[in-house]
Amino acid sequence: MRSLTAFLATSATLSVTTALISPDGVGRLPAMGWSSWNEYEDRINETVFIRVAELLNELGLKDRGYEYVNIDDTWSDKENGRDEETKVLIPDAVKFPRGISHLADKVHELGLKLGIYSDAGSTTCGGYEGSLGYEEIDAATFAKWGVDYLKYDNCDVPEEWNDEWRWWPELWYGGPPRENQSEGDPGYTSGLPAPDGYDWATSNTSRRFLAMRDALVKQDRTIQYSICAWGHAHVDQWGGDTGHSWRMWGDIYPIWEGTYTWSWGLMPILNHAAFFTSAGDFWAHNDYDMLEVGNGNLTLEENRSHFALWAALKSPLIIGTPLEGIKPEILDILSNRELIAFNQDTKYGISAIPYKWGTNPDFTWNQTHPAEFYVGPSSKGLHVFVLNSFNKTVKKEVNFAEVPGLKGGRKQKYRVHDMWTGKELGVHKGGITLKLKAHDTAALRITEVNGRHPAPNFKTPRNWGQIPKPSVPKPGRKPSWW
Ligand SMILES: *[C@@H]1O[C@H](CO)[C@@H](O)[C@H](O)[C@H]1NC(C)=O
Ligand SMILES: *[C@@H]1O[C@H](CO)[C@@H](O)[C@H](O)[C@H]1NC(C)=O
Ligand SMILES: *[C@@H]1O[C@H](CO)[C@@H](O)[C@H](O)[C@H]1NC(C)=O
Ligand SMILES: *[C@@H]1O[C@H](CO)[C@@H](O)[C@H](O)[C@H]1NC(C)=O
Ligand SMILES: *[C@@H]1O[C@H](CO)[C@@H](O)[C@H](O)[C@H]1NC(C)=O
Ligand SMILES: *[C@@H]1O[C@H](CO)[C@@H](O)[C@H](O)[C@H]1NC(C)=O
Ligand SMILES: *[C@@H]1O[C@H](CO)[C@@H](O)[C@H](O)[C@H]1NC(C)=O
């Protein structure tokens, strides 16, 4: 019997017209969990995951909705790869002496689900065996082991799977690959944009991820499908048909702005996100990568902004920090009930949308000062998120007249509530001015004075925020690591 059914579901309002719909609501809301990569990279083993599963319980995070314990890259046997005869992937015998299936049992006993990792190429990003060409075998293996979630990465794609046109937003490669060029050649970024109306769902990138989707839906087990295509080939346009979530950009790093080796700070990622908020809904989520809350040198305010904005954007919330000895203030951020409730709302699936860029003119592409004002609905009311992208305290005004879903007029009154503290901020006329510390984000809930929802029919304007054609940035600079 098929336990994961893919079929078309029409959405009246959004650019997402189809979706991967799975039993028991799996993938309907953004995934929540923990992944090994940001903290452990290749230093993983069975003990790590069992301890994390215990800690998710002990710290109350499971009760807040964090349910996936995800094994990231480097779990398989790097030398031997696959069994010579069956071609089944071999787990690393030192890291997982009792196999993945044993770990799945342990994680399930603790009331949680197990995630695993593979790659739509010849090898994974860490150089371990990939799944391209082995989708059926690997999906069956994961199902047999009791795996509940697959993160499917995009490294080491063989040449015969190259795309006819290229859309690599991280580097703004908008044109066709040229025959005499290979990655890294000067001029590689140049080229014409894909023809008008080009259907990116027909790209080879889409086909590589679809092959695994098709293999997963054949299994007698529901496996959440997390596409990690880094925004390539406009995954925002076909990711919803193919998986439950899709990565929109390169890897995240715990810095506010700029890049570190091949990874990116929070502001460049948010800058990209602001243009794609209409791409998601139930069953279909833009993924801005695993949380760095609690990592590196982020300040308390930066930790808060990261969590609030990822929650507001309906990104999966996958913790990437050590849970053992976690600081109380970091646990507080990750446990914030109201932000989680917004992210996991069962009535409104859409992301918050930027309604005003703030510092810069609307739709400005700027990797240090992206859109700062966001609005989105939940069952509880209309929510406004305001980012201070400056590294000093500033005042920011939420003018009700500017907020889609609220009625204008200087005398218009609304009740305002602080989602961070859970405290009422009272009834305000015309708007509210907030004093925001450097790099902090305010998270507000706005209702009618009598507590009623001010905009129960709030919808994302069609194609809201999609990059307008003329302002697609010029091909980007070459990053230092290239
Ligand atoms: C498992 O991995 C952790 C984290 O890297 C390490 O501290 C521990 O020693 C390892 N345990 C075993 C049994 O290898
Ligand atoms: C897919 O790859 C094949 C083989 O390299 C190539 O001929 C074809 O043009 C590609 N198709 C698309 C749609 O990019
Ligand atoms: C590739 O070919 C194009 C046009 O034929 C040429 O302009 C360009 O310089 C070549 N690039 C390299 C890296 O050789
Ligand atoms: C934000 O997280 C990082 C890592 O735990 C931590 O070093 C930093 O202190 C946090 N901010 C605060 C003030 O808690
Ligand atoms: C944090 O700051 C220290 C000291 O300035 C630096 O060595 C380290 O690389 C920084 N970490 C990150 C993740 O940027
Ligand atoms: C980004 O925006 C800030 C604030 O307006 C501005 O000072 C800066 O020059 C912009 N950066 C770029 C690269 O345009
Ligand atoms: C504030 O931001 C500017 C520009 O990004 C940077 O050069 C400066 O070091 C920052 N100051 C602090 C205190 O972080």
Visitor: So how far is it from T259 OG1 to D251 CG, rounded to the nearest 0.5 Å?
Guide: 12.5 Å
Visitor: Below 4.0 angstrom, N of the basic side chain to O of the carboxylate: do R304 and E301 qualify?
Guide: no
Visitor: Parallel, tilted or perpendicular: which one describes the rings of F385 and F342, with boundaries at 30° and 60°?
Guide: perpendicular
Visitor: Closer than 3.5 angstrom, by distance alone: can the side chain of N271 be matched with the main-chain N or O of N366 as a donor-acceptor pair?
Guide: yes
Visitor: Is it the case that over 12 heavy atoms from other parts of the model lie below 6.0 angstrom from the CZ atom of R51?
Guide: yes
Visitor: If we only count heavy atoms from C-beta on, is the Q219 to F142 side-chain gap below 4.5 Å?
Guide: no
Visitor: What closest approach, in Å, do S263 and Y253 show between heavy atoms, and which atom pair accounts for it?
Guide: CB-CB, 3.6 Å
Visitor: Side chains of M290 and D72: closer than 4.5 Å at any heavy-atom pair?
Guide: yes
Visitor: Is D42 reaching over with its side chain to a backbone N or O of T74, donor-acceptor style, under 3.5 angstrom?
Guide: no
Visitor: Any sub-3.5 Å donor-acceptor pair from S36's side-chain atoms to Y40's backbone N or O?
Guide: no
Visitor: Mark yes or no for whether R445, through its side chain, and G381, through its backbone, hold a donor-acceptor pair below 3.5 Å.
Guide: no
Visitor: If you measure from the Lys or Arg side-chain nitrogens to the Asp or Glu carboxylate oxygens, is any gap between R221 and D148 under 4.0 Å?
Guide: yes
Visitor: Would W75 and W145 count as a close aromatic pair, with their ring centres under 6.0 Å?
Guide: yes
Visitor: Check this for me, if you would: do D163 and R208 make a salt bridge, where the nitrogen-to-carboxylate-oxygen distance has to be below 4.0 angstrom?
Guide: no
Visitor: Name the orientation class of the two ring planes belonging to W264 and W249 (parallel below 30°, tilted from 30 to 60°, perpendicular beyond 60°).
Guide: perpendicular
Visitor: Which heavy atom in N204 sits nearest to a heavy atom in E160, and how many Å separate them?
Guide: ND2-O, 4.2 Å
Visitor: What I want to find out is whether K78 reaches D92 closely enough, with some N-O distance under 4.0 Å, to be called a salt bridge.
Guide: no
Visitor: Classify the side-chain pair W230/D153 by whether it contains a donor and acceptor separated by less than 3.5 Å.
Guide: yes
Visitor: D236 versus W200: any side-chain heavy-atom pair under 4.5 Å?
Guide: no
Visitor: Which atom pair, heavy atoms only, marks the closest approach of K314 to P30?
Guide: O-CG, 3.4 Å
Visitor: Just so I know, are the side chains of D345 and H383 near enough to count as touching, which here means a heavy-atom distance under 4.5 Å?
Guide: no
Visitor: Return the minimal non-hydrogen interatomic distance between S22 and T222, and the atom names on each side.
Guide: CB-CG2, 4.0 Å
Visitor: Using side-chain heavy atoms (C-beta onward) and a distance below 4.5 Å, is P158 in contact with L132?
Guide: yes
Visitor: Using a 3.5 Å distance criterion without hydrogens, assess whether the side chain of S315 forms a donor-acceptor pair with backbone atoms of Y288.
Guide: yes
Visitor: Could you go step by step and tell me if E54 and K106 meet the salt bridge (Lys or Arg N to Asp or Glu O under 4.0 Å) rule?
Guide: CA-CA 10 Å; E54 288 167 357; K106 287 282 162 206; over 6 Å; no
Visitor: Hey, does the side chain of W310 reach the backbone of D289 with a donor-acceptor pair shorter than 3.5 angstrom?
Guide: yes
Visitor: Could you tell me how the ring of W283 sits relative to the ring of H244: parallel (under 30°), tilted (30 to 60°) or perpendicular (over 60°)?
Guide: tilted
Visitor: First locate atom CD of E41, then atom CG of D73, and finally report the distance between them rounded to the nearest 0.5 Å.
Guide: 10.0 Å
Visitor: Report yes or no: does R166 contribute a side-chain atom to a donor-acceptor pair with the main-chain N or O of N162 at less than 3.5 Å?
Guide: no
Visitor: For residues I326 and T321, report the shortest heavy-atom separation together with the two atoms involved.
Guide: CD1-CG2, 4.1 Å
Visitor: Is any side-chain heavy atom of V386 closer than 4.5 Å to one of T441?
Guide: no
Visitor: Please answer whether the main-chain N or O of L339 pairs with a side-chain N or O of N343 as donor and acceptor at a distance below 3.5 Å.
Guide: no
Visitor: Find out whether D138 and Y152 are in side-chain contact, i.e. whether some heavy atom of one side chain is under 4.5 Å from a heavy atom of the other.
Guide: no
Visitor: Could you verify whether a donor N or O on one side chain and an acceptor N or O on the other, from W246 and N286, lie under 3.5 Å apart?
Guide: yes
Visitor: With sequence neighbours left out, what residues match F458 under ring-ring contact (aromatic ring centres under 6.0 Å, His included)?
Guide: none
Visitor: Does Y117 have any ring-ring contact (aromatic ring centres under 6.0 Å, His included) partners at least two apart in sequence or in another chain, and if so, which?
Guide: none
Visitor: On a heavy-atom basis, which atom in M212 and which in L150 lie closest, and how many Å separate them?
Guide: CG-CD2, 3.7 Å
Visitor: Verify the neighbour count for atom NZ of K95: are there more than 12 heavy atoms of other residues, nucleotides or ligands below 6.0 Å?
Guide: yes
